[in-house]
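Note that the coordinates shown come from a computational prediction; the quantities given were computed from them, not determined experimentally. Note that ligands are numbered from 1 as they come in the structure, with each ligand's atoms numbered from 1 the same way.
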Amino acid sequence: MSKRIAVLVSGGGTNLQALIDAQGRGELVNGRISAVISSTPDAFALERAKNAGIPGYVLPRRDFSDSRGYTAALTRLLRETVGADLVVMAGFMTILTEELFQAYPNAVINIHPSLIPSFCGVGCYGLHVHEKALEYGVKISGATVHFVTEECDAGPIILQKAAEVLPGDTPEVLQRRIMEQCEWKLLPQAVSLFCQDRLKVEGRAVRILDCL
Ligand code: GRF
């Protein structure tokens with residue numbers, strides 16, 4: 001029985017597109033993207049879902065007074081309507097509280113555009129990540145896929161991939177390189193490994209089991 005994957009989005013959805021394309025190539029082994037849920041009504045990611053025939057839902061953050069109320073509604077949608085086995089945060093920009101991670105222990109994953117623990121944590125998202133990396137003067141950066149826990153960007157790391165920082169890079173150029181070389185490769189890999197039950201969390205470490 002293949003696992004039902006729900007993808008949470010807020011913006012352009014290039015990581016969602018990478019998952020859709022990987023699914024089309026048969027690379028999401030034992031998994032199926034069953035829903036796309038956006039926290040913003042105008043996210044282009046919803047267009048991508050529609051074009052791929054994937055049910056899209058909008059749960060506007062602005063309809064809720066606080067993160068806890070939003071998270072409760074989202075968790076209900078995921079469990080009762082979607083029946084999700086895996087929740088993937090792909091360019092999702094809304095703060096969630098621990099109820100989601102308690103409902104989905106080690107079954108919520110996130111893609112972050114740096115080599116965690118560098119350039120991560122509260123307020124460090126999207127283009128800010130690359131601005132900080134350039135400001136610091138690092139020679140490599142990259143992306144990380146990790147399990148999501150209540151502490152921002154601090155869950156057990158599943159996969160990482162590095163990319164060079166080149167002279168003259170702007171935050172936008174670096175972001176694009178990391179998306180192309182790292183994010184869009186790592187996320188489908190991590191989702192497929194999860195759906196094959198090949199990720200074993202041992203404390204802070206995640207062991208990747210050989211094919212069962
Ligand atoms: C990407 O940099 C991703 O790493 C971050 O959000 C940005 C936009 O992602 N989480 P997407 O194009 O909406 O997938």
Side-chain angles (χ1 to χ4, degrees), residues 5-24 27-28 33 35-52 54 56-61 74 86-96 100-101 108-135 138 140-149 151-155 157-165 169-192 194:
I5 304 161
V7 185
L8 308 186
V9 298
S10 300
T14 63
N15 279 289
L16 166 67
Q17 193 62 55
L19 290 170
I20 291 170
D21 296 347
Q23 179 168 275
E27 293 170 7
L28 296 191
I33 305 170
V36 171
I37 302 171
S38 178
S39 57
T40 56
D42 53 356
F44 185 67
L46 290 165
E47 269 307 294
R48 296 179 190 271
K50 192 167 156 220
N51 295 339
I54 299 168
Y57 303 81
V58 180
L59 194 67
R61 175 61 184 80
L74 175 63
L86 170 64
V87 182
V88 180
M89 298 166 81
F92 188 70
M93 298 296 181
T94 300
I95 300 293
L96 300 174
L100 175 68
F101 321 125
V108 182
I109 67 177
N110 181 48
I111 176 90
H112 181 78
S114 77
L115 296 176
I116 289 176
S118 296
F119 314 121
C120 65
V122 178
C124 196
Y125 57 86
L127 219 46
H128 301 310
V129 174
H130 308 294
E131 288 163 355
K132 289 178 188 292
L134 291 171
E135 197 180 298
V138 294
I140 58 159
S141 188
T144 303
V145 185
H146 63 93
F147 282 115
V148 181
T149 59
E151 195 186 342
C152 179
D153 295 336
I157 290 172
I158 300 169
L159 294 172
Q160 291 189 301
K161 191 170 189 315
E164 277 189 298
V165 179
D169 270 352
T170 62
E172 291 77 6
V173 166
L174 181 55
Q175 177 178 53
R176 185 78 194 180
R177 183 178 308 120
I178 289 175
M179 280 175 156
E180 288 172 352
Q181 294 183 9
C182 309
E183 297 180 43
W184 300 344
K185 295 186 184 329
L186 285 185
L187 194 56
Q189 282 173 13
V191 166
S192 185
F194 178 95

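Here is the list of ligand 1 atoms found below 4.0 Å of a heavy atom in Ile111: 10 (N). Heavy-atom proximity to Gln175, at under 4.0 Å, picks out these atoms of ligand 1: 2 (O). Less than 4.0 angstrom separates some heavy atom of Gly12 from each of these atoms of ligand 1: 13 (O). Counting the atoms of ligand 1 from 1 in the order shown, those under 4.0 Å from a heavy atom of Met93 are 6 (O).
Inclusion of His130 in the set of residues having an N or O under 3.5 Å from an N or O of ligand 1 is not warranted. An N or O contact shorter than 3.5 Å links Thr14 to ligand 1 by distance.
Among all non-hydrogen protein atoms, the one lying nearest atom 13 (O) of ligand 1 is Gly13 N, 2.9 Å. Looking at atom 8 (C) of ligand 1, its nearest protein heavy atom turns out to be Met179 CE, 3.9 Å. Scanning the protein heavy atoms around atom 14 (O) of ligand 1, the nearest turns out to be Asn15 N, 2.8 Å. Scanning all protein heavy atoms for the shortest distance to atom 4 (O) of ligand 1 gives Glu183 OE1, 2.6 Å. If you check which protein heavy atom lies closest to atom 5 (C) of ligand 1, you get Gly91 CA, 4.0 Å.
Nearest heavy-atom pair across Pro113 and Glu183 is CB-OE2, 3.4 Å. Nearest heavy atoms, Arg176 versus Trp184: NH2-CH2, 3.5 Å. The minimum heavy-atom distance between Val9 and Phe92, with the atom names listed, is O-CD1, 3.4 Å. Closest approach of Asp153 and Gly121 over heavy atoms only: OD2-N, 3.0 Å. Across Ala90 and Asn15, no two heavy atoms sit closer than the pair CB-CB, 3.9 Å.
Of the inter-residue distances, the one linking Leu186 atom CG with Gln181 atom CD reads 11.5 Å to the nearest 0.5 angstrom.
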